[in-house]
Amino acid sequence: MQIPIYEPWITELEENYAIDAIKSHWIGFQNGKYIADFEKEFAEYVGVKHCITTNTGTAACHLALKSLGIGPGDEVIVPALTFVATINAVSYTGAKPIIVDVDERTWNLDCHKLVDVLTPRTKAIFCVHLYGNPCDIDFLKTFCDKHNLYFIEDACEAISSTWRGKKLGSFGDVSAFSYYGNKLIVAGEGGSVVTNNNKWRDVAVSLRGQGQSFERYFHDIIGYNYRLNNISAAIVLAQLRRIKEILKEKARVYETYRNELSSNKNIKWQLVEMDKAHIIGKNQAYSCNWIINILVEDRDKIFEALKKNDIDYRPIFYPLCDLPPYKDQKNMPIARKIHEHGVSLPSYPTLSDEQIKMICRIINENT
Ligand SMILES: *Cc1c(COP(=O)(O)O)cnc(C)c1O
């Protein structure tokens with residue numbers, strides 16, 4: 001593919017840190033200086049007390065649930081539209097995921113449908129900020145407090161997105177991030193959980209390292225090996241230190257798409273919650289626009305035209321209830337509609353204005 005859907009932006013800084021990690025000979029977790037530095041700086045960036053790195057974002061989702069003690073007999077609410085890792089992590093714990101349909105405008109959890117699925121077994125809401133777009137945090141936090149539920153954010157796609165000026169991931173009791181090779185900042189494979197709570201931090205650290213207690217080789221619970229390695233940590237630390245530059249280019253890419261497609265009335269966009277806040281002159285929610293998406297009448301026509309021009313694209317996620325392991329769940333008509341009409345577009349920071357204009361010309365000619 002001439003233009004991929006995503007491409008990490010790696011510079012000399014990432015190279016130098018990675019080589020430095022190799023030269024130190026500490027390339028695993030043990031004595032991983034870059035792991036400790038990253039955990040400290042990422043916690044500061046998000047505005048939380050603790051960051052615990054993991055080897056994948058999926059592991060982070062799993063640890064977030066496990067550190068809160070979620071397991072068999074519990075129910076966890078997840079949105080119908082997300083990458084499958086969110087719901088799989090719930091399944092790993094033995095808890096039952098309960099899928100709720102999404103809002104037609106934001107493509108995130110439809111808050112009005114939550115009350116219908118509450119049972120005495122409901123333990124948590126695992127919200128997902130889809131493609132970086134913030135969920136309605138005000139509503140979800142209040143709802144969780146009122147019904148005595150844990151609030152967990154899957155912020156894997158929402159690094160740097162904000163709600164009322166605070167970073168996403170800082171609102172959850174525990175929240176999960178991913179640094180997979182096509183996320184906003186990358187480690188190759190990697191992730192983290194963040195929390196302000198010391199006890200949950202301790203449980204997450206223990207579960208990450210085979211359930212070892214504070215005594216060497218004494219394992220008081222069954223844990224996992226979810227450790228990050230020092231080379232990946234070096235790369236993602238360099239990325240974090242360059243995040244302003246990355247976000248600046250991401251914003252340019254988004255603005256260019258919006259401009260080039262502004263006169264096309266046959267396209268619908270994923271709306272940012274509180275866009276209505278524009279009315280009072282202050283946009284209080286911000287999406288990092290990890291992936292830029294459009295809804296069109298005939299998605300396949302666009303797919304074909306892009307393919308012919310060597311441009312990569314993705315469909316929007318399948319509604320989780322359409323996947324074989326989750327067939328027992330209710331139908332999710334809104335999520336399915338978004339899936340059937342959605343196109344994910346190349347969204348990486350080094351995509352040039354000329355490339356975006358070419359993509360938009362193809363979209364305009366085919367809608
Ligand atoms: C990327 C992602 C994850 C974690 O994926 P990994 O590939 O394991 O890092 C989890 N949830 C969502 C919504 C994601 O996009």
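Atoms within each ligand, like the ligands themselves, are counted from 1 in listed order.
- Annotation: cation-pi geometry not satisfied between Lys33 and Trp26 (NZ/CZ under 6.0 angstrom from ring centroid, within 45° of ring axis).
- Of all protein heavy atoms, the one closest to atom 15 (O) of ligand 1 is Glu157 OE2, 2.5 Å.
- Proximity to Gly57 (heavy-atom distance under 4.0 Å) selects the following atoms of ligand 1: 4 (C), 6 (P), 8 (O), 9 (O).
- Geometric assessment of Lys167 against the ring of Tyr45 yields a positive cation-pi assignment under the 6.0 Å and 45° thresholds.
- Atom CD1 of Ile159 is separated from atom CG of Leu247 by 9.5 Å, given to the nearest 0.5 angstrom.
- The protein heavy atom nearest to atom 12 (C) of ligand 1 is Asp154 OD2, 3.5 Å.
- Across Ala176, Ala59, Gly190, Cys156, heavy-atom proximity to atom 10 (C) of ligand 1 is greatest for Cys156.
- Between Tyr34 and Tyr17, the distance from one ring center to the other falls under 6.0 angstrom.
- Other residues, nucleotides and ligands place more than 12 heavy atoms under 6.0 Å from the CD atom of Gln355.
- With Arg336 contributing its side chain and Tyr318 its backbone, the two residues share no donor-acceptor pair below 3.5 Å.
- Protein heavy atom in closest approach to atom 8 (O) of ligand 1: Thr58 OG1, 2.5 Å.
- In this structure, Lys123 contributes its side chain and Tyr150 its backbone to no donor-acceptor pair below 3.5 Å.
- Atoms of ligand 1 lying under 4.0 Å from any heavy atom of Thr82, numbered from 1 in the order shown and given with element: 13 (C).
- The protein non-hydrogen atom at the shortest distance from atom 1 (C) of ligand 1 is Lys183 NZ, 1.4 Å.
- Residue-ligand proximity, Thr86 to ligand 1, at heavy-atom distances under 4.0 Å covers atoms 11 (N), 13 (C).
- Among protein heavy atoms, the minimum distance from atom 9 (O) of ligand 1 is reached at Ser178 OG, 2.6 Å.
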